[in-house]
**Q** 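The structure is given below, and queries will be raised subsequently.
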Amino acid sequence: MVLPRRRGGHNHHPCPCPRRALLPAAALLLLFLLAAVTLLYVSPPPLSDHPALAYSRRRSPHAPLNSSDGGSLVEPGRREISRVPRGGWTATDGLWGSKLASKFYGCSNSSSKFLDSGVMTHPDRYLMIVTSGGLNQQRTGIIDAVVAARILNATLVVPKLDQTSFWKDASDFAEIFNADWFISFLSKDVRIVKELPKIGNKLRAPHRMRVPRKCTQRCYLNRVLPALIKRHVVRLTKFDYRLANRLDSDLQKLRCRVNYHALRFTDPIQEMGEKIIQRMRERSTYFIALHLRFEPDMLAFSGCYYGGGEKEKRELGVIRKRWKTLHASNPEKERRHGRCPLTPEEVGLMLRALGYRNNVHIYVASGDIYGGAKTLAPLKALFPNLHTKETVTSKDELAPFSKYSSRMAALDFIVCDGSDAFVTNNNGNMAKILAGRRRYFGHKRTIRPNARRLYSLFLSRGNMSWDAFSSKVRMAQKGFMGEPKELRPGRGEFHENPSTCICENTDPKTLTKPNPRSEQGLSNGTQGGKAIAEPTVANHTNEELDGSSAEEDGNSAEKEDDTSEEKEEIVDTEVEDDALVRPDDPELEEVLSD
């Protein structure tokens with residue numbers, strides 16, 4: 001009998017085995033199915049398995065999971081983060097520092113052309129300034145006041161801090177900063193006195209005036225100097241952003257000496273800040289400091305939607321109506337343009353995607369978080385080890401500071417500066433100042449979210465696996481991690497990108513790991529190094545061309561020159577956040593200043 005052939009052309013021989021021989025094959029099939037199911041549980045499931053992420057495909061990326069209670073912010077359950085792997089990168093992967101940091105160092109010494117203040121200062125010229133805003137906005141005003149006094153060859157009276165704005169802090173300069181150190185350190189640059197002395201045996205009343213924003217060196221000589229010569233004492237009010245971003249090299253280096261060396265907090269503040277850092281290090285070898293701006297006023301001004309349903313829209317809408325200068329917002333457009341602060345959950349997802357493990361300790365520097373513990377719950381689920389200055393200190397220890405917003409902000413500043421990695425969800429004054437400071441003192445790891453790129457990833461995150469999401473986040477964050485030369489020279493605010501004061505070490509024999517606690521920035525950068533080039537300095541402002549009055553504010557934002565081509569390795573990371581930082585409404589400006 002001829003047996004039928006199979007299509008493959010091979011002979012088919014019937015199995016002479018009995019039917020019970022098929023049982024081991026069935027067992028093998030069952031074992032294979034069990035192994036497949038086990039693999040599904042072990043490997044990270046796709047992001048769409050996350051209820052919140054899957055829901056984002058149908059609605060806004062910040063739509064609430066359950067708005068039956070009137071739109072409360074999402075309270076995550078255990079399933080919501082089950083897809084995020086517990087592992088992560090190691091310390092050698094660059095999460096805690098830049099491999100290129102040793103090639104760059106701070107250099108802020110003046111040139112031989114920068115004459116001593118004893119030669120330059122006129123004995124009958126005194127400049128007084130009144131700062132504005134929160135602690136970090138006032139810091140920029142103090143820095144620029146020293147430079148303005150140098151331009152005018154005047155004696156600077158120790159600046160008066162803002163005690164009447166939104167922040168309601170009655171502290172004076174000497175209660176926050178070490179005034180004696182400030183005066184002595186800068187003695188060769190600018191003559192500084194604590195009080196206005198008598199001139200010709202009588203106390204002169206200061207002439208009050210206000211200069212335009214972004215006022216250049218020529219602007220000060222044309223507008224302020226004539227009044228100073230005539231009246232001898234000039235008081236510049238609301239002194240914030242009143243000096244051009246670009247100045248000549250010696251004046252920029254003076255800015256750095258003031259910011260990074262002359263401005264020290266008082267001993268009680270400094271000691272308390274260092275004590276908090278020590279306690280964070282007792283908990284973990286490395287720690288992250290997160291500056292989280294998520295206050296109701298901040299969110300209301302942003303005009304963005306954060307997933308809180310009708311309740312959120314109603315509450316933030318009421319706050320928003322306080323400011324008549326605000327127009328109707330388009331939440332999706334604002335987020336698409338990168339103008340919305342990241343939510344705590346988004347910060348957590350970004351950090352996990354970058355490779356930080358869930359056992360990392362995070363110090364949270366923040367004000368009054370909208371939604372309280374419920375808003376922080378998704379971040380805490382991703383990183384259980386969250387701390388604040390209130391949780392690592394006692395009430396008695398914080399008592400000397402707790403009633404003063406600027407002193408509490410100073411403690412956060414010290415801890416954020418001393419952290420191994422600094423992360424922010426916004427691009428405000430504190431974020432910018434610390435980004436510049438950490439560049440100057442050794443390019444310590446500083447992570448600012450690329451909000452524009454991350455927006456699209458958060459929006460489509462339900463359609464990709466965790467590995468794909470993580471890879472795309474790391475790509476989006478290139479140029480936003482605090483690496484050397486991320487920003488081209490002159491780009492952004494000088495306090496954020498102090499390129500004039502950062503030198504590159506060209507001698508491989510002298511490469512050393514920078515010490516952020518040293519006065520290394522006072523080296524002149526001439527031994528085996530070269531300063532990073534700066535663009536040409538402009539000599540006029542828009543206000544000078546228009547001939548506007550010195551009593552009026554100038555434009556709140558001066559556009560940077562975008563015409564020059566970037567080098568391929570330099571990423572332009574400046575976000576269009578001028579409206580967030582310097583709005584026209586004075587009260588808004590105070591709220592958003594830090």
Side-chain angles (χ1 to χ4, degrees), residues 44 47 50 52-53 76 78 80-99 101 277 279-294 341-366 375-388 391-392 412 415-426 431 434-435 438 442-451 453-454 457-458 461 464-483 486:
L47 286 181
H50 187 315
L53 305 184
R78 194 171 185 83
E80 292 184 22
I81 62 164
S82 60
R83 69 193 172 22
V84 182
R86 287 185 173 275
W89 294 354
T90 64
T92 58
D93 292 316
L95 291 178
W96 303 108
S98 169
K99 296 178 181 178
I277 293 175
R279 290 177 183 176
M280 287 299 298
R281 298 221 176 277
E282 290 171 356
R283 290 165 167 80
S284 178
T285 304
Y286 300 99
F287 78 92
I288 293 173
L290 167 62
H291 182 226
L292 189 63
R293 290 299 308 270
F294 216 69
L342 264 61
T343 67
E345 181 182 20
E346 288 172 338
V347 172
L349 288 171
M350 177 188 71
L351 291 175
R352 291 304 305 276
L354 289 173
Y356 290 97
R357 299 173 183 267
N358 67 339
N359 61 353
V360 167
H361 287 251
I362 298 180
Y363 176 88
V364 180
S366 67
T375 302
L376 283 175
L379 176 61
K380 191 170 180 62
L382 290 164
F383 292 95
N385 300 309
L386 293 185
H387 311 275
T388 64
T391 63
V392 297
D412 282 338
V415 180
C416 288
D417 183 38
S419 65
D420 300 288
F422 172 62
V423 183
T424 177
N425 75 325
N426 65 94
L434 278 169
R438 292 171 72 87
H443 285 87
K444 297 188 288 183
R445 177 62 67 222
T446 303
I447 302 173
R448 299 171 300 127
N450 184 351
R453 293 278 302 278
L454 291 176
L457 293 180
F458 288 132
R461 60 193 177 181
M464 65 184 86
S465 68
W466 172 256
D467 287 342
F469 176 73
S470 178
S471 176
K472 289 180 181 292
V473 168
R474 291 197 293 270
M475 286 295 295
Q477 283 299 120
K478 283 188 175 180
F480 289 77
M481 300 292 288
E483 291 287 334
E486 275 187 349

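Just so it is clear, the structure is predicted and the values come from calculations on it, not from any experiment.
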**Q** Should the pair Trp96 and Tyr356 be assigned to parallel (<30°), tilted (30 to 60°) or perpendicular (>60°) ring geometry?
**A**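 Perpendicular: the ring planes of Trp96 and Tyr356 meet at over 60°.
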**Q** Do Leu454 and Glu346 pass the side-chain contact (heavy atoms from CB on, under 4.5 Å) test, and can you show the C-alpha distance, the side-chain angles, and the key distance before you say yes or no?
**A** CA-CA 9 Å; Leu454 291 176; Glu346 288 172 338; over 6 Å; no
**Q** Between CG of Leu379 and CG of Leu342, what distance do you get to the nearest 0.5 Å?
**A**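 Between atom CG of Leu379 and atom CG of Leu342 there are 11.5 Å.
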**Q** Whether the side chain of Lys444 engages the backbone of Ala101 through a donor-acceptor N/O pair (distance < 3.5 Å, no angle test) should be reported.
**A**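 Between the backbone of Ala101 and the side chain of Lys444 there is no qualifying donor-acceptor contact (under 3.5 Å).
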**Q** List the steps, then state whether side-chain contact (heavy atoms from CB on, under 4.5 Å) holds for Phe383 with Val347.
**A** CA-CA 11 Å; Phe383 292 95; Val347 172; over 6 Å; no
**Q** Contact between Thr424 and Leu434 at the side-chain level, heavy atoms closer than 4.5 Å - yes or no?
**A**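 A side-chain contact is absent here, since even the closest heavy-atom pair is not under 4.5 Å.
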**Q** Met350 and Val423: which non-hydrogen atoms are nearest, and at how many Å?
**A**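 What the structure gives for the nearest pair is CE-CG1, 3.9 Å.
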**Q** With a 4.5 Å limit on heavy-atom distance, are the side chains of Ser470 and Arg474 in contact?
**A**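 Counting from C-beta outward, Ser470 and Arg474 do come under 4.5 Å.
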**Q** At their closest point, which heavy atom of Ser284 faces which heavy atom of His361, and how far apart are they?
**A**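 Closest approach of Ser284 to His361: CB-CD2, 3.4 Å.
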**Q** Go through the steps to decide whether Asn358 and Arg352 satisfy the test side-chain contact (heavy atoms from CB on, under 4.5 Å), and finish with yes or no.
**A** CA-CA 7 Å; Asn358 67 339; Arg352 291 304 305 276; 3.4 Å; yes
**Q** Answer yes or no: is there a donor N or O on one side and an acceptor on the other, between the side chain of Asn385 and the main chain of Asn359, under 3.5 Å?
**A**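 At least one qualifying donor-acceptor pair exists.
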**Q** Using modelled atom types and a 3.5 Å cut-off, is there a donor and acceptor pairing between side-chain atoms of Asn425 and backbone atoms of Thr343?
**A**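 No; zero donor-acceptor contacts below 3.5 Å.
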**Q** Taking side chain as C-beta onward, heavy atoms only, is Leu349 less than 4.5 Å from Phe458?
**A**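 Of all side-chain heavy-atom pairs linking Phe458 with Leu349, at least one is under 4.5 Å.
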**Q** Working to the nearest 0.5 angstrom, can you tell me the gap between Ile288 CD1 and Phe422 CZ?
**A**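 The CD1 atom of Ile288 sits 11.5 Å away from the CZ atom of Phe422.
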**Q** For the residue pair Phe469 and Leu457, establish whether any side-chain heavy-atom pair is separated by less than 4.5 Å.
**A**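 They are in contact (side-chain heavy atoms under 4.5 Å apart), so the answer is yes.
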**Q** By salt bridge (charged side-chain N to carboxylate O under 4.0 Å, His left out), which residues pair with Arg279, not counting sequence neighbours?
**A**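 In terms of salt bridge (charged side-chain N to carboxylate O under 4.0 Å, His left out), with neighbours along the sequence ignored, Arg279 is linked to Glu397.
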**Q** Give the minimum heavy-atom separation between Glu483 and His443, together with the two atoms involved.
**A**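 Glu483 and His443 have their closest heavy atoms at C-CD2, 3.9 Å.
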**Q** Has the side chain of Glu486 got a donor or acceptor atom that lies under 3.5 Å from a matching backbone atom of Gly482?
**A**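 Between the backbone of Gly482 and the side chain of Glu486 there is a qualifying donor-acceptor contact (under 3.5 Å).
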**Q** Please assess Asp412 against His291 for the test side-chain contact (heavy atoms from CB on, under 4.5 Å), listing each intermediate value before the final yes or no.
**A** CA-CA 8 Å; Asp412 282 338; His291 182 226; over 6 Å; no
**Q** Does the Gln477 side chain pair with the main chain of Arg448, one donor and one acceptor, at a distance under 3.5 Å?
**A**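 Indeed, once roles are kept as given, a pair shorter than 3.5 Å links the two residues.
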**Q** Rounded at 0.5 Å granularity, tell me how far CE in Met280 sits from CZ in Arg283.
**A**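 Met280 atom CE to Arg283 atom CZ measures 7.0 Å (nearest 0.5 Å).
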**Q** Under 3.5 Å, is there a donor-acceptor pair between the side chain of Ser419 and the main chain of Cys416?
**A**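 Yes; at least one donor-acceptor contact below 3.5 Å.
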**Q** Please report the closest heavy-atom contact between Asp417 and Arg438, naming both atoms and the distance.
**A**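 Distance-wise, the nearest heavy atoms are O-NH1, 3.2 Å.
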**Q** So do the side chains of Leu351 and Ile362 get within less than 4.5 Å of each other, counting heavy atoms only?
**A**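 Contact flag for Leu351/Ile362 side chains = yes.
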**Q** Could you tell me if the side chain of Arg281 sits less than 4.5 Å from the side chain of Asp420, heavy atoms only?
**A**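 Yes - at least one pair of side-chain heavy atoms lies under 4.5 Å apart.
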**Q** Taking the basic N atoms (NZ, or NE/NH1/NH2) and the acidic carboxylate oxygens, is any pair closer than 4.0 Å for Lys380 and Glu345?
**A**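 Between Glu345 and Lys380 there is no salt bridge, as every charged N stays at least 4.0 Å from the carboxylate O atoms.
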